[in-house]
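Only one structure is covered here, and it is reproduced in the block below.
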Amino acid sequence: MSSRTLAAALVVFTVGCHRQAPAPPVDAALEALRTEEQTAGLNYAEGQGKQLFDQYCATCHGDGGKGDGQNASNLNPTVPDLTTSKNLADATYVRRVIAEGSAAVGRSPLSPPWGRSLSPQEVAYVTLYCQALAKKKP
Amino acid sequence: MASPRFPRTRAWLDETARSVWRIGWPRTDKDRAAVMISSFFLHLPPARVSRHVLRPSYTLGLGLISAILFGVLTVTGLALMLYYVPHPPEAYRSVMDLQSVVTFGVILRNMHRWSAHAMVFVVFLHLCRVFWTGSYKRPREFNWVVGVVLLLLTLALSFTGYLLPWDQLAFWAITVGTNIAAYAPVVGDQVKFLLLGGHVIGPMTLLRFYVLHCVFLPLAVAVLISVHVWRVRKDGLSGAPEGSKPVEETAGVFPPSTKTWGLMALTRRPTVSVEARDPEDEVFAWPHLLYRELLVALGVVIALHVVSLLFMAPLEEMADPTRTPNPAKAPWYFLGLQELVHYSAFVGGVLVPTLIVVALLALPYVDRHPRGVGRWFAPERRVANAIFTAVVAVATVLTIIGTLFRGPNWAWTWPW
Amino acid sequence: MRDPQTAPPRLHLAFAALGLGFLAIFSWVFFKEQGAEWRSAQARFRKLEATVKNPHQLAQSAGAAGVRQVWLPDLDRVDRCTTCHLGVDDPAFAKAPALFRSHPGTWLTTHPVERFGCTVCHDGQGEATDYAHAAHKPIPGVARAMRPLETIEANCGACHRSLEPRGAPRLAEGRRLIVESGCVACHDIPGFEGVSFRGPGLDSLGYKVRPDWLEGWLKDPKGYLANSKMGNFRLSEAEIAGLRALLLSQKAEAPQVADVDWKKADSANGKALFGQLRCVSCHAVNGRGGTMGPELSRIGDKVRRDWLFSYLRDPHREQPDTAMLQYRLTDTQVRDVAAFLLEEYKTPGGEAEAAPAPYQDAPAVAEGRAVFVRRGCYGCHKLAGIRETGKIGPSLAGVADRDPDQLPYGGKPVRRTADNYIFLKVQQPDSLGAPSLMPTFSFAPAQAAKITLALASLHKADLPASRVVKEAPPTPYRPRGAFGELVTRYRCLSCHRIGGSGGDLSTVPLDRIGSQLQHDYLVAYLLNPGAVRVSVEARMPVFHMLPEEARTIADYAATTFLDDDLDRYDTRFTPAEVSRGEQLYRQLGCVGCHQLNLQGGYVGPDLSNTGQRLRPGWTAAWLAAPNRYKPGTLQPDYGLSPGDARALTAYLASLGGSTSRAAGKAASATGGGHP
């Protein structure tokens, strides 16, 4: 047998006998939750904030914070578009508006104070979500 | 020679030292002999040894290494006893605490574990060496028997210690081991009951194993090691000088290789008991033998430290009798048996172990052929060597299979 | 050759070398111990301390030296995490590197480290003092590695046993899905003992459904009803044939037909009634509406006309356990509604219904009975003559602690953990290698993951009672007498809660409704429920109640559903208070959510007639602390002083009717509002 045949046989033998490396094991439930988060584009805290926002804020501010909620047309002054507002860069400002109401920062009283209805943890979550809304590309 | 300074201080120091060590640092031949004979600790080895005994290539120092390992195990074991609690679940917690909290706890535990594994392995190698050099033959038959008993005691020590961490690895290894013991006919279940202190492995088992591991077995081993070394001294080292003819056995009560020294070490006149070898061939144990033994001890301890620093002793989660790992494996030295048990419970659990132990114990009384003592693989002993080597090879292969090539449900797996 | 007195030089060399080696090794041992992970972490922390402002507000990590541990004997845990995580409970370290950073959120305020340790929430091996052995990442031989944050709510559930734990939304969603999907019908689940789940009774199914519909339903319930609670049982053709024979032969009671002329049925009237009866509050059509009852989009394919007529007339005759109320309608009205439903909501081009044929196929019926028992249908559906043999699924107690090595994973590339097993089983019960009786529920992966979280909190070991947080289940409320009959007929408790038990469709619990609403208003409202809040879809239906029924209910409320604190309120308001209240109304921006005289928002109720509607004691209490009466309400808590709340109440009480009349009525009801 020629040496080339031998070499070829050796290669085939080595490659053929090498087992396929198994795929790395996953945690299925974890992956499902992560996919859900990624689809929403929000991390855990922001996701919590979104749930609270939908419950308390979306009626006026709209589902995406654009100021197009069900109740928005009844309000004067109008509801600002959170996604383009410059004020949202300041987390302290946002937290004040949420917890103490828009009247506390010198604006109209139409955005009520939620500081006694939400725990500080929940206020923090909503703040993060609002800031995420402002950062998102439309 | 000028007189030394501070003569009175020196004299006082000298006398104080002599009150402890009756013979001072030996500088004369008389002292070199006396220090060995009159010391409590040093009178076990002989005062003079053949030069050829110092050659490591004959015995490979395996017996010495086993004894050193036993010493390391005793010291580390006593230290571990300060922290270990022999009652589940505190047993597991205390081992966990040793690893996590106790200063130097990790190295202490690792040293103990790796010395234990090393001792089983080295004792096994020592047995092989003694066989292959034919050193079990007359007059050393009984010493071989003592050695086999020591091997069994070493395995017992390792086995009882294996359970003590009370983690999944320990618990199920001992489950497998005691189940193999239970295969013995007639007495199997009683033996298992005796070992376990009940029907299941529980707190009684742990306490029993602990007492065996820390009290009974070490005492037995210490006593038997002393007997073993004493017989070595009395029967003489079997290693013949290089190139010389094998010693002919002469008729008589005491074979020519017996050496008794006592006071006779101080004279150079041969007596009836002294063999025809050149007495100049012998040197004093102090310093030649003891110095070499010290170097071996240093080497062994350094090696153990290196291994202990690099490799962690395993600790899985706490033992859970309701969760069996798959596969559950006995300690490595029983894996060959477990592999056999997989084929046949009787063969692996009863037949083979019994045959091996009986064969080992009976060996020197069956093989009385006097030839071939003192050399490795002597041609006169071709058949015996071949049989023994074959058995050892099979045992090694079976152990390797059990360790590396068996996965869940004891199915064949490739370890890569 | 003479005996050499001294050892040869090579031995001395070896001694020197080994001696040096010995010293080197001992130094290595010593420095390894000194350089242990936790020691170097503490050294780095001490350097960090010097750079941080006002550290150790809580004085926990001050002077950190040595191993630090939290011992929790009642939980049998020792946690040494704070040996390295030194800044975890100190807000001063909020911006520190990850190892020393203070814990995010306010979790440590509610769960202080001294009482809870760390591994209760995060899992991992708390006794270890180095990164690897603490199981920050999974290590072989250790079952509980640290949980990633996404699934951490499974550990919340170990202590927090209520069905809707606040602060753990994924867990709450998972538990909600378990309740809604009816898992308790087949499985015993700890923590869900008070939950019951029944499907409709099948004793007269032969009269109720069309046979072709039944086959389609048994094959795939979701084909008919997208949000069906019944899973797909993956039945074989033979099993479907057997069940079909069994169920269509169930004719316990024929529907009650009246003497109506179906040819004169007026669908337009039916449609108007459909809107008035507010059916969509509970039954969705074309994707919009409530989910308490089944969706009606294709009801015409399913039910027979006579049965539908009988059911709409008196639902409690056909299905005694139904949540649906019995309207007070005439037979022609019922006819019109039925005709509308059957015409409007069906697959176009379907066959006309045939008379129910008698089913005599005894072997098929027997086979169907066997299938009914074998697949555990009786867990949800009562059927006469079926021998129930207990819940057909295994108990889920301790499911999180099942031995992961003994569980099947169907060859999927997942890590062998109980969590993964639960997830795979919930998603695809029959894909794990062995045939399964469990139906397929078609959960979205995220939903299945949340159910897994809820089930992963069910551990074998019991927690000490001091650690468990759960509410006592409410005692069921069963009123008696004339009022009780009305509650049963009109199924108030399907939507409202009294004493904690009831439904959640309405956000108005009725426990103190007598102190909230004025009597006459309540009577008028029951006779003609209008929209209190315009933006809400689910509304109270028009019951077509009789006036004396409305009065019975309002009288009972006014004498029983009271809150004495509210009734003691002094309702003698001064004009100064009213004008201050008006000022506050403008100041606080109430117009944003409330209508007043046709101006304002649509979030809260219209306030134009508050003077006739609400009792002032309630208004004041509500304004002062809305979350106390309705947690999660959209009414903000402005932190009003009692004086301000009183002023606003005075203003609102003056709206929409004479204040004195309202005050007089209130006074007479409570015998003079004394302070």
Side-chain angles (χ1 to χ4, degrees), chain A residues 22-40 43-45 47-52 55-60 69-77 79 98-103 107-125 128, chain C residues 104-107 109-110 138 147-152 154 166-167 169-170 412-417 419-424 426-427 444-453 456 535 586-593 595 599-603 625-627 631-639:
Chain A
V26 298
D27 279 319
L30 177 62
E31 291 305 317
L33 291 171
R34 282 198 178 136
T35 312
E36 190 192 39
E37 263 185 12
Q38 271 164 18
T39 321
N43 66 26
Y44 180 77
Q48 306 283 56
K50 175 167 166 36
Q51 289 204 337
L52 292 161
Q55 185 185 345
Y56 286 95
C57 321
T59 325
C60 297
Q70 220 178 5
N71 197 40
S73 49
N74 299 313
L75 299 177
N76 184 14
V79 185
I98 296 174
E100 298 172 40
S102 47
R107 301 170 78 125
S108 84
L110 289 174
S111 188
W114 298 107
R116 287 177 206 83
S117 306
L118 298 175
S119 70
Q121 178 79 77
E122 290 170 326
V123 171
Y125 284 152
L128 282 171
Chain C
T106 54
W107 297 105
T109 321
T110 42
R147 267 194 183 278
L149 282 182
E150 287 87 345
T151 60
I152 203 171
R166 202 167 167 200
R170 285 182 174 134
K412 307 230 177 5
V414 291
R415 241 174 13 108
R416 300 176 75 86
T417 61
D419 279 13
N420 282 329
Y421 164 73
I422 296 171
F423 178 82
L424 291 172
V426 164
Q427 262 222 310
Q447 287 181 313
K450 289 168 187 165
I451 293 178
T452 307
L453 284 188
S535 59
R586 274 199 302 276
Q587 211 175 311
L588 296 172
C590 311
V591 67
C593 294
Q595 284 269 302
Q599 198 195 20
Y602 288 116
V603 183
N627 286 302
T633 178
L634 288 185
Q635 166 77 15
D637 184 345
Y638 289 96

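Note: hydrogens, waters and symmetry copies are ignored here, and every other heavy atom, side chains too, is used. Labels below follow one simple rule: chain letters A, B, ... track the order of the sequence lines, proteins then strands, and each chain is numbered from 1.
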[X] versus chain A, the contacting section by heavy-atom distance below 4.5 Å:
{"X": "Ala448(C)", "answer": "neither"}
{"X": "Gln447(C)", "answer": "neither"}
{"X": "Thr109(C)", "answer": "neither"}
{"X": "Thr106(C)", "answer": "both"}
{"X": "Leu634(C)", "answer": "both"}

Using a 4.5 angstrom heavy-atom cutoff, name the option from [options] with the most pairs to chain C.
{"options": "Glu36(A), Glu31(A), Gln121(A)", "result": "Gln121(A)"}
{"options": "Thr35(A), Leu30(A), Leu75(A)", "result": "Leu30(A)"}
{"options": "Ala72(A), Cys60(A), Pro113(A)", "result": "Pro113(A)"}

Next item on the list: State, without any angle test, whether Asp637(C) and Ser117(A) hold a side-chain donor-acceptor pair at a distance under 3.5 Å.
Entry: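 Note: Asp637(C) and Ser117(A) side chains miss the donor-acceptor criterion.
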Checklist line | Considering all heavy atoms, the nearest Ala32(A)-Ala446(C) contact | finding: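 The answer is CB-N, 4.2 Å.
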Next item on the list: Determine the option with the most heavy-atom pairs under 4.5 angstrom with chain A, choosing from Gly167(C), Gly601(C), Cys590(C).
Entry: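 Max contact count across the listed options: Gly601(C).
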Margin query: I'd like to know which of Leu588(C), Val426(C), Ile451(C), Leu149(C) tops the heavy-atom pair count under 4.5 Å against chain A.
Written below: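 Looking at each of Leu588(C), Val426(C), Ile451(C), Leu149(C) in turn, Leu588(C) comes out on top.
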Next item on the list: Using salt bridge (Lys or Arg N to Asp or Glu O under 4.0 Å) as the criterion, list what pairs up with Arg166(C), not counting sequence neighbours.
Entry: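 In terms of salt bridge (Lys or Arg N to Asp or Glu O under 4.0 Å), with neighbours along the sequence ignored, Arg166(C) is linked to Glu122(A).
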Item checked: Side chain to side chain, Gln587(C) and Pro109(A), heavy atoms closer than 4.5 Å ->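 Side-chain contact under 4.5 Å: no.
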Margin query: Determine whether a donor-acceptor pair (N or O, by modelled atom type, separation under 3.5 Å) exists between the side chain of Asn71(A) and the backbone of Gly592(C).
Written below: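 Here the side-chain-to-backbone pair exists.
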